[in-house]
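Taking it in order: structure first as structure tokens, then the write-up.
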Number of protein chains: 2
Amino acid sequence: MNSEIRRTMPLLSMSIVMQLTELTARQIRYYEEHDLIQPHRTEGNRRMFSLNDVDTLLEIKDMLEQGVNMAGIKKVFAMKNDPTIQAGAKEITDGELRKILREEMRQAQRMQRTSIRQGDLSRFYQ
Amino acid sequence: MNSEIRRTMPLLSMSIVMQLTELTARQIRYYEEHDLIQPHRTEGNRRMFSLNDVDTLLEIKDMLEQGVNMAGIKKVFAMKNDPTIQAGAKEITDGELRKILREEMRQAQRMQRTSIRQGDLSRFYQ
DNA sequence: TTACGTATGTTAGTTTTCCTAACATATGAT
DNA sequence: ATCATATGTTAGGAAAACTAACATACGTAA
């Protein structure tokens with residue numbers, strides 16, 4: 001009766017993941033290029049995604065919509081996987097880190113202003 | 001975080017279902033022909049299976065291995081969906097029903113004998 | 001302003017997966 | 001010996017997915 005599905009099993013094809021996440025194939029491949037997900041491959045080289053991959057993609061989408069860029073997202077995931085390390089301790093110099101975080105702050109503020117404005121408008125347009 | 005997967009969502013491609021069930025595409029299509037499953041179709045006519053479909057296929061596989069044939073499996077599913085109706089009350093005459101059930105009994109007995117024999121041998125061969 | 005980087009769109013050409021339909025076959029029942 | 005059932009196999013075609021390259025919108029930096 002129970003076909004024991006694990007969240008790490010690579011069950012899902014590209015098209016289904018596109019539907020579940022509302023991301024384009026281009027976006028999903030781009031995030032893989034940046035090593036944010038590592039989908040399995042079939043013998044014929046087709047990507048196969050797990051439910052965990054879908055969750056990760058939804059997190060990525062969310063952060064992007066909040067103005068975080070690839071570098072920031074990478075950092076967040078790095079910290080999730082090893083919360084003990086200081087942010088950016090690994091491959092990024094202090095200077096680079098400061099620059100990235102400065103950029104994040106600005107962009108995030110900007111995006112938030114935008115979404116607040118949109119929220120305001122929606123009251124009238126809905 | 002939780003991408004809310006329902007057992008009825010058509011998420012799975014043919015190749016994955018083949019792996020999950022260890023059935024061939026031919027077998028899966030044959031069972032669909034007999035209306036034991038009704039997978040969704042993409043715009044491009046590809047079958048997409050739900051987790052429930054996988055469960056059903058595993059049940060079918062199990063019953064086949066126990067010597068039940070298509071007609072018997074159909075009846076079992078019909079009764080599961082509506083336990084109040086008497087077996088075979090719908091599209092099959094009493095005569096046909098008796099014939100089917102007789103056949104089931106014989107075949108099931110035969111298969112069981114076989115598996116018992118195998119069980120016996122396994123004690124020695126393992 | 002111009003130049004640049006980032007995230008994504010678009011297109012072309014190819015390979016893989018899946019489809020239907022038809023024919024083949026093993027096995028058990030009649 | 002014939003027949004039905006469940007499955008294998010094959011051919012030809014269509015859909016889905018791949019990589020790689022080029023295009024572009026937008027925000028930032030010089």
Side-chain angles (χ1 to χ4, degrees), chain A residues 10-19 21-36 39-49 57 60-74 95-96 99-111 113-114, chain B residues 10-19 21-36 39-49 57 60-74 96 98-111 113-114:
Chain A
L11 298 174
L12 308 174
S13 64
M14 177 58 84
S15 54
I16 286 296
V17 173
M18 291 171 63
Q19 290 179 39
T21 61
E22 296 183 282
L23 293 168
T24 66
R26 182 69 168 90
Q27 288 174 302
I28 294 168
R29 294 191 193 111
Y30 185 67
Y31 307 151
E32 181 190 10
E33 243 175 64
H34 282 268
D35 214 41
L36 298 177
H40 278 235
R41 297 289 185 130
T42 66
E43 280 192 14
N45 200 36
R46 265 81 225 279
R47 273 169 264 254
M48 294 302 296
F49 302 84
L57 287 170
I60 293 170
K61 188 185 182 190
D62 210 61
M63 298 182 76
L64 281 169
E65 280 166 0
Q66 296 182 1
V68 183
N69 65 10
M70 289 292 117
I73 295 173
K74 282 182 201 178
E96 285 167 329
K99 177 179 167 188
I100 288 168
L101 292 182
R102 214 184 322 125
E103 188 182 324
E104 296 311 324
M105 296 303 290
R106 286 205 211 117
Q107 201 158 9
Q109 282 184 334
R110 192 176 351 96
M111 300 291 281
R113 273 201 305 272
T114 306
Chain B
L11 297 175
L12 308 174
S13 63
M14 176 59 84
S15 53
I16 286 296
V17 173
M18 292 171 64
Q19 290 179 40
T21 60
E22 295 182 285
L23 294 166
T24 65
R26 182 68 166 94
Q27 286 175 301
I28 294 168
R29 294 191 194 112
Y30 185 68
Y31 306 151
E32 182 190 9
E33 242 175 64
H34 282 266
D35 214 41
L36 299 177
H40 279 235
R41 297 289 183 129
T42 67
E43 279 192 15
N45 201 35
R46 264 83 219 279
R47 272 169 264 256
M48 294 300 298
F49 302 85
L57 287 170
I60 293 170
K61 188 184 183 190
D62 209 61
M63 297 183 76
L64 280 169
E65 281 167 0
Q66 296 183 3
V68 182
N69 66 9
M70 289 291 116
I73 294 173
K74 282 181 202 179
E96 285 167 330
R98 253 177 283 124
K99 177 179 166 187
I100 287 168
L101 292 182
R102 213 185 323 125
E103 187 183 322
E104 295 312 324
M105 296 303 291
R106 286 207 210 114
Q107 200 158 10
Q109 282 183 336
R110 192 177 350 97
M111 300 293 282
R113 272 202 307 272
T114 305

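Heavy atoms only: backbone and side chains are in, while hydrogens, waters and symmetry mates are out.
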Given atom CD of A:E65 and atom C1' of C:dA7, what is their separation to the nearest angstrom?
13 Å

Could you tell me how far apart B:R47 (CZ) and D:dA16 (P) are, to the nearest whole angstrom?
14 Å

Counting only side-chain N and O atoms of A:S13, is one of them less than 4.0 Å from OP1 or OP2 of D:dA17?
yes

Taking only nitrogen or oxygen atoms into account, show me every contact under 3.5 Å that the protein makes with nucleotides 10-14 of chain D, one pair per line with its distance.
none

Of all the heavy-atom pairs spanning A:M14 and A:F49, show the shortest one and how long it is.
CA-CE1, 3.8 Å

Once you round it to whole Å, what is the distance between C1' of C:dT20 and CE of B:M14?
12 Å

Report the nucleotide, chosen from D:dA16, C:dT8, D:dT7, that has the shortest atom-to-atom distance to any side-chain atom of A:L64.
C:dT8

Ordered by number, residues from residues 28-36 of chain B within less than 4.0 Å of DNA chain C (heavy atoms) are B:R29

Of the options D:dA16, C:dT8, C:dC19, whose atoms approach the side-chain atoms of B:N45 most closely?
C:dC19

Looking only at D:dT7, D:dA17, C:dT20, the nucleotide nearest the A:S15 side chain is D:dA17

N/O donor-acceptor pair under 3.5 Å between A:K61 side chain and A:L23 backbone:
no

In this structure, CD of B:E33 is separated from CZ of B:R26 (nearest 0.5 Å) by 6.5 Å

Figure out the CZ/C1' separation between B:F49 and C:dC19, and round it to whole Å.
12 Å

Closest approach of A:L64 and A:N69, non-hydrogen atoms and distance?
CD2-CA, 4.5 Å

Nearest to the B:R26 side chain among D:dG8, C:dT17, C:dG9, which nucleotide is it?
D:dG8

From B:L12 CG over to B:R47 CZ, what is the distance, rounded to the nearest 0.5 angstrom?
14.5 Å

CD1 of B:I73 to CD of B:Q66, rounded to nearest 0.5 Å, is 10.0 Å

Could you check whether any side-chain heavy atom of B:I60 comes within less than 4.5 Å of a side-chain heavy atom of B:Q27, counting everything from C-beta outward?
no

Between D:dC18, D:dA6, C:dC18, which nucleotide gets closest to the side-chain atoms of B:N69?
D:dA6

Atom-to-atom span, CD1 of B:I60 to P of D:dA6 - whole angstrom:
11 Å

Working to the nearest 0.5 angstrom, can you tell me the gap between B:I16 CD1 and B:T21 OG1?
10.5 Å

Whole Å only: how far is the NZ atom of B:K74 from the C1' atom of D:dT5?
11 Å

A:H34, NE2: over 12 other non-hydrogen atoms inside 6.0 angstrom
yes

Euclidean distance, atom NZ of residue B:K61 to atom P of D:dA6 [Å, nearest integer]:
17 Å

For A:R41, give me all partners under salt bridge (charged side-chain N to carboxylate O under 4.0 Å, His left out), at least two apart in sequence or on another chain.
A:E32

Take the protein atom CD1 of B:I16 and the nucleotide atom P of D:dA17, then report the distance between them rounded to whole Å.
12 Å

Side-chain contact check for B:M70: nearest option of C:dG9, D:dT19, D:dA6 is D:dA6

5' priority, DNA chain D, between B:T42 and B:Q27 [closest heavy atom]:
B:Q27

